[in-house]
Amino acid sequence: MSSKQTTGKNGIIDCDVHVYLKSREELNKYLPQPWRDWYRPLNRAYGNIQGNRVDAKPPNGGGAGTDPDFLREQLINEYGIDYAILLPRAMLNNLPDPDMASAVAAAYNDWLADTWLDKYNHDGVFKGSLYIATQDPIGAAKEIERWAGHPHFVQVMTDSGARAPFGQRQYHPIYEACEKYGFPLAIHPGTDGMGINHQPTPGHPTRYIEFHTCLSLAFQAHLVSFLTEGVFVKYPKFKIALVEGGVSWLAPLMWRLDAEYKGLRYEVPWLEKRPSEFLRDHVRITSQPIERPDDDKYLLTMLEAMDAEHILMFASDYPHWDFDSPRRAFPKLPAELHRRIFYENAKEFYNL
């Protein structure tokens with residue numbers, strides 16, 4: 001199936017579009033031995049029965065998010081998307097062997113570049129996320145260096161699952177490389193409570209609904225760690241994107257952290273301003289899944305409180321079951337706020 005010509009752009013940058021391997025054999029082409037024989041993904045602890053939209057399976061076969069032409073039809077052309085930020089789902093932070101994790105990350109990056117960013121990207125609409133394994137910070141830094149200068153990789157990405165909060169210094173080689181080569185770091189839900197990683201909740205929830213509701217807890221912990229450990233002080237050009245971790249928790253979390261800072265700033269003498277004052281220069285949050293109350297006025301108030309005009313970026317989470325349509329995810333927004341959320345914030349963040 002050939003892709004249709006896009007009929008028009010609508011000023012939309014979608015910051016969370018998932019793409020997948022058609023089969024394990026597709027990855028094996030890029031994965032050297034012994035990892036080709038040894039690598040087995042660790043199964044997710046929780047999963048929805050229907051993980052993707054039922055209409056997202058390509059008519060020519062394969063799973064959702066595996067066919068570049070069909071993705072163009074269903075997402076890019078349907079909504080007039082200017083750029084789609086692609087996030088593969090390798091989910092590697094749970095593997096105990098750091099060498100294996102780094103090898104699989106490199107294979108995913110080779111696959112993404114060949115399959116999506118080069119061969120099917122004549123108009124440059126697809127922008128890629130460079131996968132790393134945080135249990136191997138030195139290897140991750142080398143992988144970032146390997147892809148520096150590629151025209152369509154726009155960020156580094158990792159899963160929210162971790163053995164320690166991401167502000168801690170063992171991860172700093174990753175942030176040093178990101179800053180050096182101009183890549184922000186995206187954090188996406190995955191591998192929490194699996195393999196070598198901790199669960200952000202106190203123990204393991206019983207059901208998927210609990211797990212999915214509490215995904216934002218890991219993001220809150222990582223953000224507080226980044227801020228209080230002084231990562232943005234040590235690396236003043238380093239930036240992060242918190243992807244698919246919720247939205248409305250940001251303002252009250254920053255209120256609490258700023259209040260703690262008043263009495264405990266002696267613990268973090270490197271912070272010469274309130275933690276919340278680092279957000280506009282260093283942190284972005286994507287919109288899906290946005291918490292939309294029954295009365296939209298409360299959402300609009302929360303968007304104002306969190307400085308959404310400068311911090312929030314639109315995301316659809318295609319092709320997942322909880323996909324947010326650009327036409328329906330938000331209530332009617334003021335024109336300038338709409339432009340910032342749907343286009344300008346991401347354009348500036350990714351230098352598009």
Side-chain angles (χ1 to χ4, degrees), residues 45 91-96 98 101 105 131-141 144 155-179 183-205 211 213-236 238-247 249-261 264-271 273-279 281-286 311:
M91 297 199 291
L92 303 174
N93 284 357
N94 54 7
L95 297 176
Y131 229 109
I132 60 165
T134 59
Q135 62 270 55
D136 181 15
I138 301 301
I144 294 167
Q155 69 183 3
V156 174
M157 75 167 290
T158 192
D159 306 310
S160 57
R163 285 187 286 182
F166 281 153
Q168 294 186 10
R169 64 191 67 182
Q170 62 263 36
Y171 301 115
H172 285 195
I174 297 170
Y175 313 146
E176 181 177 0
C178 285
E179 183 181 59
F183 287 117
L185 174 70
I187 301 169
H188 186 281
T191 71
D192 303 87
M194 297 169 55
I196 60 175
N197 291 335
H198 296 292
Q199 182 77 22
T201 49
H204 289 267
F211 166 79
T213 300
C214 293
L215 282 177
S216 64
L217 299 180
F219 287 79
Q220 295 178 52
H222 287 315
L223 178 57
V224 171
S225 180
F226 276 119
L227 291 166
T228 58
E229 295 274 1
V231 172
F232 302 128
V233 176
K234 185 175 182 179
Y235 305 106
F238 174 60
K239 300 178 181 181
I240 63 171
L242 305 177
V243 181
E244 204 178 321
V247 173
W249 53 264
L250 180 64
L253 181 70
M254 289 301 99
W255 297 337
R256 181 182 180 109
L257 183 56
D258 282 352
E260 298 285 348
Y261 173 71
L264 299 172
R265 60 188 303 172
Y266 65 88
E267 282 195 321
V268 287
W270 42 85
L271 297 186
K273 57 185 178 182
R274 294 182 303 168
S276 65
E277 294 180 49
F278 287 91
L279 294 184
D281 290 336
H282 297 278
V283 180
R284 296 295 179 269
I285 290 187
T286 63
I311 290 176

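Just so it is clear, the model here is predicted, and its values are computed rather than measured.
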So, do F226 and H282 have ring centers that fall under 6.0 Å from each other?
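No: the rings miss the under 6.0 Å criterion.
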Flag side-chain contact, heavy atom, 4.5 Å: [X] against [Y]:
X: L264; Y: Y266; answer: yes
X: L215; Y: L217; answer: no
X: P189; Y: D159; answer: no
X: D258; Y: P275; answer: yes
X: L223; Y: L250; answer: yes
X: H172; Y: K234; answer: yes
X: I187; Y: V243; answer: no
X: F232; Y: Y175; answer: no

Contact summary for S160 and D192, nearest pair of heavy atoms
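Residues S160 and D192, closest heavy atoms: OG-OD1, 2.9 Å.
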Which heavy atom in A218 sits nearest to a heavy atom in P200, and how many Å separate them?
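That would be N-CB, 3.8 Å.
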Would you compute the distance between atom [atom1] of [X] and atom [atom2] of [Y] and round it to the nearest 0.5 angstrom?
X: I132; Y: L185; atom1: CD1; atom2: CG; answer: 5.5 Å
X: K273; Y: R265; atom1: NZ; atom2: CZ; answer: 13.0 Å
X: C178; Y: I144; atom1: SG; atom2: CD1; answer: 4.0 Å
X: I174; Y: E179; atom1: CD1; atom2: CD; answer: 14.0 Å
X: Q220; Y: S225; atom1: CD; atom2: OG; answer: 13.5 Å
X: R274; Y: E260; atom1: CZ; atom2: CD; answer: 14.5 Å

Stepwise side-chain contact (heavy atoms from CB on, under 4.5 Å) test for F183 and K239:
CA-CA 8 Å; F183 287 117; K239 300 178 181 181; over 6 Å; no
Side chain [X], main chain [Y], donor-acceptor under 3.5 Å:
X: T228; Y: V224; result: yes
X: E229; Y: F166; result: no
X: Y171; Y: A164; result: yes
X: H188; Y: T158; result: no
X: Y261; Y: V268; result: no

CA sep, side-chain torsions, deciding dist, call: F278, V233, side-chain contact (heavy atoms from CB on, under 4.5 Å)
CA-CA 9 Å; F278 287 91; V233 176; 3.9 Å; yes
Exercise: do N197 and T191 side chains pair donor with acceptor under 3.5 Å
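N197 vs T191: donor-acceptor pair found between side chains.
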Stepwise side-chain contact (heavy atoms from CB on, under 4.5 Å) check, Y235 with V231:
CA-CA 6 Å; Y235 305 106; V231 172; 4.1 Å; yes
Let me know which of R163, Q135, M194 forms a side chain to side chain contact (heavy atoms under 4.5 Å, CB included) with N94.
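The side chain to side chain contact (heavy atoms under 4.5 Å, CB included) with N94 is passed solely by M194 among R163, Q135, M194.
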